[in-house]
2 protein chains.
Amino acid sequence: MADSDVIDRFTAFLRDRRLPITQQRLAIAAILLRAHGHMSADDVAATLAADGQKVGLATVYRTLDLLVSCGLAEQRDFGEGFKRYEPMHAQPNHYHLTCTVCGAVAEFFDERIPDIIRRTAAARGFVPGQHRLLVRGTCRACRKTPSVLDRRPM
Amino acid sequence: MADSDVIDRFTAFLRDRRLPITQQRLAIAAILLRAHGHMSADDVAATLAADGQKVGLATVYRTLDLLVSCGLAEQRDFGEGFKRYEPMHAQPNHYHLTCTVCGAVAEFFDERIPDIIRRTAAARGFVPGQHRLLVRGTCRACRKTPSVLDRRPM
DNA sequence: TTTTGTGCAAACAATTTGCATGAGA
DNA sequence: TCTCATGCAAATTGTTTGCACAAAA
């Protein structure tokens with residue numbers, strides 16, 4: 001639950017691999033893991049900069065990779081032309097509703113979906129791994145602006 | 001059904017907008033629309049080149065955009081770092097099973113999924129537009145190689 | 001003959017990499 | 001002190017754009 005808990009998991013991971021526990025790594029982990037949204041590498045760097053810490057973008061990318069490797073974060077692609085990183089303390093398996101007007105991302109889960117996938121896959125001899133479901137649309141707040149800007153890849 | 005049918009729709013679209021019907025446009029449309037898979041811009045250019053026709057990559061991109069605009073193709077992002085284009089003569093709404101070993105893409109559809117989405121969205125005041133479901137895993141043929149290469153964005 | 005397209009090369013944006021220097025253990 | 005990380009700048013990759021020339025209407 002506590003932030004420090006997650007940071008501890010990260011430091012344990014680093015120690016385990018005999019990798020230095022640097023200020024930058026801790027700062028980046030703190031920013032991403034404390035965030036509720038889905039941040040881009042740039043978002044992380046900007047937050048860091050706003051905080052007075054200047055960390056190179058390359059370091060941000062490298063550290064985000066580490067967080068992904070140890071399972072504390074996941075890379076996401078919403079088809080925006082860049083990637084976002086999602087902290088993994090949330091539900092392990094969930095789907096996304098993204099608003100094409102304001103960019104807000106809401107999450108939901110329905111266990112019927114993995115079930116449908118399991119059956120469909122089994123019927124074709126396909127062994128399913130991860131899956132994702134992305135729904136684009138308009139959130140309650142933006143309802144008035146239906147958004148025709150939906151020519152992005154799915 | 002016939003290829004020429006789809007090409008006709010494309011030429012009609014061009015004529016309608018008073019846009020020139022060029023050899024390159026016809027060649028690109030023919031290649032993409034005849035394809036069963038999901039091709040990248042590079043794939044299209046390579047096929048064209050193998051055919052003796054040399055068309056600039058920029059033209060390929062521009063024409064693929066046109067095909068998307070007129071609804072004959074859709075842009076897809078499988079998280080590979082580049083985009084693919086899918087001809088739209090197939091089922092209008094379907095989901096993807098992609099093999100992380102060989103890259104094969106299979107399609108399926110299950111009407112319970114749009115249903116679940118409609119209900120979930122309604123419950124939150126979200127107006128759903130398009131949605132997509134992507135399942136990664138291992139296809140029957142590649143079953144023996146479970147693929148640990150799954151650190152790509154979802 | 002007047003659009004609009006095409007090809008090429010340069011421009012771009014996100015991400016990665018090489019390398020000299022600096023910080024952790 | 002030895003290893004590995006960092007920062008910067010250069011390199012890479014997919015895609016887009018500007019512009020002189022060429023093809024379609």
Side-chain angles (χ1 to χ4, degrees), chain A residues 7 10-29 31-32 38-46 48-49 52-70 73-85 151-153, chain B residues 7 10-29 31-32 38-46 48-49 51-70 73-85 103 151-153:
Chain A
I7 300 291
F10 186 42
T11 56
F13 168 83
L14 293 173
R15 209 177 335 263
D16 208 55
R17 305 218 174 177
R18 313 253 159 90
L19 297 176
I21 296 165
T22 65
Q23 289 197 300
Q24 290 89 328
R25 285 178 176 168
L26 293 176
I28 292 165
I31 301 261
L32 182 75
H38 305 69
M39 303 183 85
S40 65
D42 250 8
D43 291 342
V44 173
L48 238 18
Q53 315 214 56
K54 25 187 154 64
V55 176
L57 245 190
T59 301
V60 173
Y61 278 108
R62 288 186 278 232
T63 304
L64 289 172
D65 272 355
L66 282 175
L67 289 164
V68 169
S69 304
C70 71
E74 268 186 19
Q75 221 180 11
R76 300 258 175 239
D77 192 330
F78 291 105
E80 300 166 296
F82 56 85
K83 304 197 180 67
R84 293 185 174 273
Y85 294 80
R151 190 120 295 160
R152 289 186 298 171
Chain B
I7 300 291
F10 187 42
T11 55
F13 167 83
L14 292 173
R15 209 177 335 266
D16 207 56
R17 304 221 175 173
R18 314 247 159 95
L19 296 176
I21 295 165
T22 64
Q23 288 197 301
Q24 291 87 329
R25 285 178 175 168
L26 292 176
I28 292 165
I31 299 263
L32 182 75
H38 306 68
M39 301 183 87
S40 64
D42 250 8
D43 290 343
V44 174
L48 238 18
D51 231 41
Q53 316 214 54
K54 20 187 158 73
V55 176
L57 243 189
T59 301
V60 172
Y61 278 108
R62 290 186 277 229
T63 304
L64 289 172
D65 272 356
L66 281 176
L67 289 165
V68 169
S69 306
C70 71
E74 268 186 19
Q75 221 182 11
R76 300 259 174 238
D77 192 330
F78 291 104
E80 300 164 296
F82 56 86
K83 305 197 179 66
R84 292 183 175 275
Y85 295 79
R151 191 121 297 164
R152 288 186 298 171

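A note on names: the letters A, B, ... follow the listed sequences, proteins ahead of strands, and every chain is numbered from 1. Bear in mind the structure is a predicted one, so any value in this text is a computation, not a measurement.
Under the salt bridge (Lys or Arg N to Asp or Glu O under 4.0 Å) rule, B:E80 has a single partner from B:R76, B:K83, B:R84, which is B:R84.
At whole-Å resolution of the value, CE in A:M39 and P in C:dT15 are 14 Å apart. Distance B:L48 CG to C:dT6 C1': 13 Å, rounded to the nearest Å. When the C1' atom of C:dG5 is taken as reference, atom CZ of B:F10 falls 12 Å away, rounded to whole Å. Put simply, CD on B:Q75 is 7 Å from P on D:dT16, counting in whole angstrom units. One interatomic measurement links the two molecules: CG of B:L26 to C1' of D:dA24, which rounds to 12 Å at whole-angstrom precision. Across the protein-nucleic acid pair, B:F82 atom CZ and D:dT13 atom P stand 13 Å apart, rounded to whole Å. The CZ-C1' distance, from A:R17 to C:dG24, rounds to 18 Å in whole Å. In this entry the distance linking CG of A:L14 with P of C:dG24 reads 13 Å, nearest Å.
Between B:R152 and A:D77 there is no salt bridge, since no side-chain nitrogen of the basic residue lies less than 4.0 Å from a carboxylate oxygen of the acidic one.
Looking at heavy atoms from C-beta onward, B:L64 lies out of side-chain contact with B:V68 at the 4.5 angstrom threshold. Looking only at side-chain heavy atoms (C-beta outward), B:L66 and B:I28 stay at 4.5 Å or farther from each other.
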**Item:** Where protein sits on nucleotides 3-9 of chain D, one letter per nucleotide: B base, S sugar-phosphate only, - none, heavy atoms under 4.0 Å
**Value:** -SSBBB-
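Checking the phosphate oxygens (OP1, OP2) of C:dT16, no side-chain nitrogen or oxygen of A:Y61 falls inside 4.0 Å.
Each of B:R15 and B:E80 has a nearest nucleotide on DNA chain D; the 5'-most of these lies closest to B:E80.
Checking side-chain atoms of A:D43 against main-chain N and O of A:S40 turns up a donor-acceptor pair under 3.5 Å.
A distance of 8.0 Å separates CG of B:L26 from CG of B:L14, quoted to the nearest 0.5 Å.
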